[in-house]
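Data block below; observations after.
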Amino acid sequence: MRKVKVGIVGLGRLGRKHAENLAFRIPNCELLAVCSVIKEEAEQVQEEWGVKYAYTNYDDMIQNKELDAVLIASPSGFHCVQIEKALNANLHVFSEKPLGLYLEEALQVQEAVNKHKDKVFMVGFMRRYDKSYSYAKKQIEEGKIGDPVLIRCYGLDPTKAIDGFMTFAKNNYSGGLFLDMAIHDLDLARWYLNSEAKRVWAIGGSYGYPEIKELNDAETGAALVKFENDTMGIFVAGRNCAHGYHIETEIIGTKGTLRIGTTPEKNMVTVFDENGAIKECSDGFLERFEQAYLSEVEEFISCIRENRQPDVTVEDGVLSTALGYACKESFETGELVSVQSPYKVVPSSL
Ligand code: NAI
């Protein structure tokens, strides 16, 4: 097959990294077009990297008949509508997480994906493509820790990224801490525990950065989740982690425990000096998940070339949105929330 020709929408913090990977690191694909509402951003990437087309309007980009696929890295509130438009334009689609900010729009996307089964659709839960996270999955499947019973996750952004986050959050509605940040952990929990969430209780507040409260969001939050198969999840998410980007996951099983990223090390170097033995911590998502961002898009391109679908499905997107939304609702109302199951048909007699 000839090279897969891809257009990307969104050239911000993450979009630029995806664009760079498409342009330079993935064989068998070509970054044919870039799109951003910021004209200078699109033109700069076009010029620097020799991209054939640059657009400021997404609708114009997807009309380009040379394109095979789009990668959506625009703000979260645009994902659903842009996915549907791309599928209707007969394009393969990779969309960043979250699939949607509301269950209804996520379900509408699922319908569109199901209508275009000949098109590859993938949602950017990149941790599933991280070597450590996929190794842990294999260990669980091989029974190394017996039956998983509890997952504990920390997803903490570094304090030094707070200014970037405030700009991001003021300009775009991200869905809040649980749908934007914890969603990765919520998806991993479903994946590792092999079950869907049943009930959620979430709390949170803004302690070091009260301005986050003004956005009706939490700077630091926690959620306690009970799953259908009686397993449990504890999720801590935050934007104010002094030591760096701390992504840690623990899966406790009946015969053992797995821990990923207990110390969020930047690399293998330890500096010994008058302060002691120092291990620097990871700086942010681009550094920690560099390999995963590349591997997930490699998989997307391979799926197109090999005419198959990726393991991560649109249903994963829908169910994670349902769970993230339930956390948000619980945080906002202070109530214990039953997770709305999008696939359960309630008999009319009940
Ligand atoms: P950002 O705010 O840095 O960049 C957004 C980009 O989209 C900018 O280039 C902006 O000009 C462009 N844009 C905005 N509205 C547009 C429109 N209507 N049409 C075309 N372009 C438009 O945002 P960031 O941090 O790059 O996030 C983008 C998406 O990626 C979000 O959905 C976010 O949740 C997701 N994300 C995922 C991460 C992961 O670990 N998988 C990490 C960071 C972000």
Side-chain angles (χ1 to χ4, degrees), residues 7-21 33-46 53-62 70-86 93-101 105-106 109 122-130 133 153 155-158 161-188 217 237 239 245 247 282-297 299-300 312 316-317 320-321 324:
I8 185 168
V9 57
L11 293 167
R13 295 182 306 172
L14 183 58
R16 212 183 149 90
K17 172 54 74 183
H18 280 314
E20 202 182 301
N21 285 339
V34 291
C35 173
S36 169
V37 278
I38 304 172
K39 190 166 180 248
E40 303 73 45
E41 210 171 64
E43 285 178 353
Q44 190 217 357
V45 171
Q46 179 183 35
Y53 301 101
Y55 297 90
T56 51
N57 184 314
Y58 177 74
D59 293 351
D60 292 343
M61 180 173 83
I62 58 172
V70 288
L71 191 155
I72 297 171
S74 54
S76 305
F78 294 108
H79 294 178
C80 287
V81 66
Q82 291 181 339
I83 294 168
E84 267 200 82
K85 283 182 175 180
V93 181
F94 177 103
S95 171
E96 257 314 321
K97 50 56 61 174
L99 179 65
L101 297 177
E105 61 171 10
V109 166
M122 186 164 177
V123 61
F125 285 132
M126 84 297 179
R127 288 199 205 164
R128 294 189 184 211
Y129 296 85
D130 173 80
Y133 279 97
C153 303
L156 306 172
D157 262 344
I162 200 95
D163 291 342
F165 165 71
M166 289 307 293
T167 312
F168 168 78
K170 276 182 190 152
N171 293 340
N172 314 300
Y173 179 58
S174 70
L177 186 66
F178 295 102
L179 272 165
D180 182 49
M181 186 84 194
I183 191 114
H184 288 293
D185 289 320
L186 300 173
D187 173 62
L188 284 177
D217 201 356
R239 309 280 186 192
Y245 180 59
I247 303 297
S282 178
D283 253 354
F285 55 86
L286 292 175
E287 181 182 76
R288 168 63 183 88
F289 290 109
E290 187 179 19
Q291 168 263 315
Y293 291 127
L294 178 60
S295 298
E296 64 174 355
V297 181
E299 170 66 358
F300 174 60
V312 55
D316 290 314
S320 298
T321 291

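All values below come from the heavy atoms of this structure, side chains included, with hydrogens, waters and symmetry mates left out. Read the numbers this way: they start at 1 and go in the same order the structure lists the ligands and their atoms. When a residue number appears, it is its place in the shown sequence, counting from 1.
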* Mutual orientation of the aromatic rings belonging to Phe165 and Phe168 [parallel < 30°, tilted 30-60°, perpendicular > 60°] ->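 Phe165 vs Phe168 ring planes: tilted.
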
* **With Ala161 via side-chain contact (heavy atoms from CB on, under 4.5 Å) - residues at least two apart** =>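 If we apply the side-chain contact (heavy atoms from CB on, under 4.5 Å) test to Ala161, skipping adjacent residues, the hits are Pro158.
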
* **Results of side-chain contact (heavy atoms from CB on, under 4.5 Å) for Glu41 - residues two or more places apart only** =>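 If we apply the side-chain contact (heavy atoms from CB on, under 4.5 Å) test to Glu41, skipping adjacent residues, the hits are Leu11, Ser36, Ile38.
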
* Looking at residues at least two apart in the chain, or sitting in another chain, which of them share a salt bridge (charged side-chain N to carboxylate O under 4.0 Å, His left out) with Asp180? ->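 By the salt bridge (charged side-chain N to carboxylate O under 4.0 Å, His left out) rule, Asp180 matches Lys97, Arg239.
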
* Asked: What's the shortest heavy-atom distance between Gln46 and Ala54, and which atoms?
  ->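 Heavy atoms only, the tightest pair is OE1-CB, 3.4 Å.
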
* Donor-acceptor contact present, side-chain Ser95 to main-chain His79, <3.5 Å ->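 Between the backbone of His79 and the side chain of Ser95 there is no qualifying donor-acceptor contact (under 3.5 Å).
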
Just the distances, no angles: every ligand 1 N or O to protein N or O pair closer than 3.5 Å, one line each.
{"residue": "ligand 1", "atom": "2 (O)", "partner": "Asn172", "partner atom": "ND2", "Å": "3.3"}
{"residue": "ligand 1", "atom": "3 (O)", "partner": "Arg13", "partner atom": "N", "Å": "2.9"}
{"residue": "ligand 1", "atom": "9 (O)", "partner": "Leu11", "partner atom": "N", "Å": "2.9"}
{"residue": "ligand 1", "atom": "9 (O)", "partner": "Gly12", "partner atom": "N", "Å": "3.3"}
{"residue": "ligand 1", "atom": "9 (O)", "partner": "Ser36", "partner atom": "OG", "Å": "3.4"}
{"residue": "ligand 1", "atom": "9 (O)", "partner": "Glu41", "partner atom": "OE1", "Å": "2.5"}
{"residue": "ligand 1", "atom": "11 (O)", "partner": "Ser36", "partner atom": "OG", "Å": "2.9"}
{"residue": "ligand 1", "atom": "21 (N)", "partner": "Val37", "partner atom": "N", "Å": "3.4"}
{"residue": "ligand 1", "atom": "25 (O)", "partner": "Arg13", "partner atom": "NE", "Å": "2.7"}
{"residue": "ligand 1", "atom": "25 (O)", "partner": "Arg13", "partner atom": "NH2", "Å": "3.0"}
{"residue": "ligand 1", "atom": "26 (O)", "partner": "Arg13", "partner atom": "N", "Å": "3.1"}
{"residue": "ligand 1", "atom": "26 (O)", "partner": "Leu14", "partner atom": "N", "Å": "2.9"}
{"residue": "ligand 1", "atom": "32 (O)", "partner": "Ser74", "partner atom": "O", "Å": "3.3"}
{"residue": "ligand 1", "atom": "32 (O)", "partner": "Ser76", "partner atom": "N", "Å": "3.4"}
{"residue": "ligand 1", "atom": "32 (O)", "partner": "Ser76", "partner atom": "OG", "Å": "2.9"}
{"residue": "ligand 1", "atom": "32 (O)", "partner": "His79", "partner atom": "NE2", "Å": "2.9"}
{"residue": "ligand 1", "atom": "32 (O)", "partner": "Lys97", "partner atom": "O", "Å": "3.4"}
{"residue": "ligand 1", "atom": "34 (O)", "partner": "Ser76", "partner atom": "OG", "Å": "3.3"}
{"residue": "ligand 1", "atom": "34 (O)", "partner": "Lys97", "partner atom": "O", "Å": "3.1"}
{"residue": "ligand 1", "atom": "34 (O)", "partner": "Lys97", "partner atom": "NZ", "Å": "3.0"}
{"residue": "ligand 1", "atom": "40 (O)", "partner": "His184", "partner atom": "NE2", "Å": "3.3"}
{"residue": "ligand 1", "atom": "40 (O)", "partner": "Tyr293", "partner atom": "OH", "Å": "2.6"}
{"residue": "ligand 1", "atom": "41 (N)", "partner": "Glu96", "partner atom": "OE1", "Å": "3.0"}

